[in-house]
Protein chains: 2
Amino acid sequence: MRDITLKQIAETLGISITTVSKALKDYPDVSPKTRKAVLELAQSLSYTPNSFAVNLRTKESRTIGLIIPEVVHHFFSNVINGIIDEAEKNGYLVIILQSNESLELEKKQVELLMQKRVDGIIMSLSNESNDDEHIRDILRKEVPFVMFDKISKLIPCSKVIINDQKAAFNAVQHLIQKGCKKIAHIRGPVNPQNAIDRFLGYKKALEQNGIPFDSKLVYTCKNVTFEEGLAFGKQIAIEHPDVDGIFVITDLVAVGVLAHFNEIGLKVPEQVKVIGFSNWFMSQVITPKLSTVDQPSFEMGVQSFKLLLEEINTKKELHPFQPRTIELETSVIERDSTSKN
Amino acid sequence: MRDITLKQIAETLGISITTVSKALKDYPDVSPKTRKAVLELAQSLSYTPNSFAVNLRTKESRTIGLIIPEVVHHFFSNVINGIIDEAEKNGYLVIILQSNESLELEKKQVELLMQKRVDGIIMSLSNESNDDEHIRDILRKEVPFVMFDKISKLIPCSKVIINDQKAAFNAVQHLIQKGCKKIAHIRGPVNPQNAIDRFLGYKKALEQNGIPFDSKLVYTCKNVTFEEGLAFGKQIAIEHPDVDGIFVITDLVAVGVLAHFNEIGLKVPEQVKVIGFSNWFMSQVITPKLSTVDQPSFEMGVQSFKLLLEEINTKKELHPFQPRTIELETSVIERDSTSKN
DNA sequence: GGTAATTTCGAAAACGTTTTCGATAACGAT
DNA sequence: ATCGTTATCGAAAACGTTTTCGAAATTACC
């Protein structure tokens, strides 16, 4: 049961390979009669073109690469979802790699994808990423490239982001409106731009409301885990028992905080209000239901692929490509952890 | 900045393409002197072989396809994690597609992957899958193939599974040991083999303990969601207020049940004990912490790829391949939803 | 110096497709 | 019958690599 090729079809029909190829691709210069014959035979033999040969000839594989810090993560798996959905609609397949937040791995994977000659790369930076030579390498080779969420502002490429600073500002503003006077912040790691921006948004909201900024009230995550949430919850309760509001970098950590407060009997939202970030599915399942900032993760995936496709297509026609940045809207979602009904 | 090819290296060095190729691939019949020259030039030009050409020539792409019902799912994203980890270790990349539990999509995707000529396919069936012509097509074309978790017992291929019946049996046995006399079961959809097996395990445990089976105590999920958990929790509380134990098809649904019980003030585990399935990360975060059955999802991914690689390699050497089934161990994890400490 | 063995190299085919361009055939118009 | 036009086809090159097989060059041996 060997693979069917154009050659075999041509031979059994007594015509040339060229004509068979043309018939299958709806070229105008083949008679209806022979076209019909070719189509029928191809159908009955269930011919499918050898994609390896097509790739070589056309110099494209209709495959893109996706590098993310981790697959097992509510936010990222939703983005993946959006990307592979939109990609499939457009006849593209997606190769997924995860950097496990390691810069070294990330570099290797970028190289791997370029060797594979994917048609484009979508990527969210690992937390370690500050050296970006490997990223510039992508641009140098003119491989279509889009970054989302964790981006580097220095790289001139298309991006899909949210306005982290504004979103964080709104979250803290929400706490203040609910009456909070002393607000702590559990922030993300040092490097990632969005951790920085959310911190800046927190700071700005305090300033605009005449609340003095106190660096002692800022706690920095290393791994952004549930366990860190537990630990920081404990630390805050001990070090600053008068804190009445906490803005947390992401829902997962916020859930850890809530879990600790539940355990020690600290009342949320009566004694302290908590707001997270991301609108993780789980945040409306726990008690108390967690207020949060909705971040359109699926849509982020969709838009990322669309931008990439745009770049792929304009470059295919040898036109110059102008990178674009898409900023998606966020919104504060009020639940039980910041208001009692 | 065009791509570097063997031809270019050969021309600048004044030797043949053949020799360049051999030098780069450590063939014995090339002198140390020319090898050195080739290696150095290749290095300085940062030559990388055109994988499209290599694919065509070697008839393999070092890429595999993975079809799963949904990416955004704790169990599946962990399996994905295991697969792409192990694949990368062995120099393989992974194309991921999701069937969204639709048989029609699943069929299309199988075809897509075969057209792409991936070196192998790993797959977990969608809930709709009962017609398996598309699966048999994979075997007919002798594409290496592994199924995991949601499998079809009728297909002769390698599989990675758990013993769902035994695991369910142990879960129900656990409830009985904790004193439950009237045990309900929220089961999965009708088709999937593992939903059937877990149901059988439930039944068997009742029988062996002299508890009469009552089909009225069995509730069938359609979509296996948190919302269904809420709904069935409500239904059970109304229809059978004397139920004192519930075995739920998966943690997500069980969490829904707990959420409803929390809401109406039904005490878990005092009035009713609940045990889930999968050991979802979230199950130890909610109150009360959910007892469950641990299912080694990451390991399932690793083993799936290993089996696939085994098949790829033996088939590459034209040896006959004997499918194998790997059964991974599960264990009951006791938490607060079945015992008070 | 002659023969045999060993190194070292390269021509060429093959993988299967796409596409250009020229050739042939068919047809209509005069 | 001649010319121009159009419809239909196929030869061949190209994509870049791998590998076989034979040729040439070098070395070893007596």
Side-chain angles (χ1 to χ4, degrees), chain A residues 1-39 41-42 45-63 114-119 141 316-318, chain B residues 1-39 41-42 45-63 114-119 141 316-318:
Chain A
M1 274 265 287
R2 281 187 38 247
D3 283 330
I4 312 297
T5 68
L6 290 184
K7 195 176 172 188
Q8 293 173 40
I9 297 182
E11 278 171 358
T12 62
L13 249 47
I15 58 180
S16 77
I17 295 178
T18 309
T19 307
V20 177
S21 174
K22 286 180 180 170
L24 290 171
K25 308 199 80 202
D26 275 332
Y27 272 60
D29 60 342
V30 37
S31 74
K33 206 192 308 175
T34 53
R35 161 163 302 130
K36 186 156 173 286
V38 169
L39 254 44
L41 185 56
L45 296 177
S46 67
Y47 164 81
T48 56
N50 182 317
S51 66
F52 296 159
V54 176
N55 289 348
L56 176 60
R57 179 58 221 228
T58 62
K59 294 181 181 304
E60 60 171 20
S61 58
R62 299 214 139 232
T63 304
M114 308 240 281
Q115 280 176 16
K116 274 272 164 184
R117 282 174 157 74
V118 290
D119 295 348
K141 299 213 171 131
K316 195 152 53 177
E317 313 202 344
L318 300 177
Chain B
M1 275 264 287
R2 281 188 37 250
D3 283 331
I4 312 298
T5 68
L6 290 183
K7 196 177 172 187
Q8 292 173 43
I9 297 183
E11 277 171 0
T12 63
L13 250 46
I15 57 179
S16 77
I17 295 177
T18 310
T19 306
V20 177
S21 173
K22 285 181 181 170
L24 290 171
K25 308 200 78 202
D26 275 333
Y27 271 60
D29 60 343
V30 38
S31 73
K33 205 191 309 175
T34 53
R35 161 165 300 130
K36 187 157 171 285
V38 169
L39 254 44
L41 185 57
L45 296 177
S46 67
Y47 164 82
T48 55
N50 182 316
S51 65
F52 296 160
V54 176
N55 289 347
L56 176 60
R57 179 57 223 231
T58 62
K59 294 179 181 305
E60 60 171 20
S61 58
R62 299 213 138 233
T63 303
M114 308 239 282
Q115 279 176 16
K116 274 273 165 186
R117 282 177 157 72
V118 291
D119 295 348
K141 298 215 172 127
K316 195 152 53 176
E317 313 202 343
L318 299 177

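Proteins come first, then strands; the chains are lettered A, B, ... in the order of their sequence lines, and each starts at number 1.
Shown here are the side-chain contact (heavy atoms from CB on, under 4.5 Å) partners of B/Ser31, two or more places apart in sequence or in another chain: B/Lys33, B/Thr34. For B/Ile4, the side-chain contact (heavy atoms from CB on, under 4.5 Å) partners are B/Gln8, B/Ile9, B/Leu45, B/Tyr47, not counting sequence neighbours. Listed by chain and residue number, nothing satisfies the side chain to side chain donor-acceptor pair (under 3.5 Å) test with A/Arg62 (two or more places apart in sequence, or in another chain). A search for side chain to side chain donor-acceptor pair (under 3.5 Å) contacts involving B/Ser16 returns B/Thr19, not counting sequence neighbours. Residues satisfying the side-chain contact (heavy atoms from CB on, under 4.5 Å) test with B/Lys7, not counting sequence neighbours, are B/Thr5, B/Glu11, B/Ile17.
Considering only heavy atoms from C-beta on, A/Leu41 comes within 4.5 Å of A/Thr12 through its side chain. Using a 4.5 Å cut-off on side-chain heavy atoms (C-beta onward), B/Leu39 and B/Leu24 make contact.
Interatomic distance, B/Lys141 NZ to A/Ser46 OG, rounded to the nearest 0.5 Å: 5.0 Å. Rounded to the nearest 0.5 Å, atoms OG1 (A/Thr48) and CZ (B/Arg117) are 5.0 Å apart. To the nearest 0.5 angstrom, B/Asn50 atom CG is 7.0 Å from B/Asp3 atom CG.
When DNA chain C is scanned 5' to 3' for any atom under 4.0 Å from a heavy atom of chain B, the first and last hits are C/dT8 to C/dG16.
End-to-end axis angle for the helix from C/dG1-D/dC30 to C/dT30-D/dA1, using five pairs per end and rounding to 10°, comes out at 50°.
Nearest heavy atom pair, residue B/Ser61 against residue B/Val118, reads OG-CA, 4.1 Å.
Using a 4.0 Å cut-off on heavy atoms, the residues of residues 45-59 of chain B that approach DNA chain C are B/Leu56, B/Arg57, B/Lys59, listed by number.
The environment of A/Lys316 atom NZ is dense: over 12 non-hydrogen atoms of other residues, nucleotides or ligands sit within 6.0 angstrom.
Counting non-hydrogen atoms under 4.0 angstrom, A/Ser21 reaches a base of the nucleic acid.
Residue pairs meeting the salt bridge (Lys or Arg N to Asp or Glu O under 4.0 Å) criterion with at least one member in residues 14-27 of chain A, sequence neighbours excluded, are A/Lys22-A/Asp29, A/Asp26-A/Arg35.
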For residues 51-59 of chain B, which side-chain N or O atoms pair as donor and acceptor with protein atoms under 3.5 Å away, sequence neighbours left out?
{"residue": "B/Ser51", "atom": "OG", "partner": "A/Gln115", "partner atom": "O", "Å": "3.3"}
{"residue": "B/Ser51", "atom": "OG", "partner": "A/Lys116", "partner atom": "O", "Å": "3.3"}
{"residue": "B/Asn55", "atom": "ND2", "partner": "B/Ser51", "partner atom": "O", "Å": "3.3"}
{"residue": "B/Thr58", "atom": "OG1", "partner": "B/Val54", "partner atom": "O", "Å": "2.7"}

* Give the C-alpha distance, both sets of side-chain angles, the deciding distance and a yes or no for side-chain contact (heavy atoms from CB on, under 4.5 Å) between B/Thr63 and A/Thr63. => CA-CA 11 Å; B/Thr63 303; A/Thr63 304; over 6 Å; no
Below 3.5 Å between N/O atoms, which protein atoms pair up with nucleotides 23-26 of chain D? Just atom names and distances, please.
none

Atom pairs, protein N/O to nucleotides 6-10 of chain D N/O, distance under 3.5 Å:
{"residue": "D/dC9", "atom": "OP2", "partner": "A/Ser31", "partner atom": "N", "Å": "2.8"}
{"residue": "D/dC9", "atom": "OP2", "partner": "A/Ser31", "partner atom": "OG", "Å": "3.2"}
{"residue": "D/dC9", "atom": "OP2", "partner": "A/Thr34", "partner atom": "OG1", "Å": "2.9"}
{"residue": "D/dC9", "atom": "N4", "partner": "A/Asp29", "partner atom": "OD2", "Å": "2.8"}
{"residue": "D/dG10", "atom": "OP2", "partner": "A/Ser16", "partner atom": "N", "Å": "2.9"}
{"residue": "D/dG10", "atom": "OP2", "partner": "A/Ser16", "partner atom": "OG", "Å": "3.1"}
{"residue": "D/dG10", "atom": "OP2", "partner": "A/Thr19", "partner atom": "OG1", "Å": "2.7"}
{"residue": "D/dG10", "atom": "O6", "partner": "A/Lys22", "partner atom": "NZ", "Å": "2.4"}

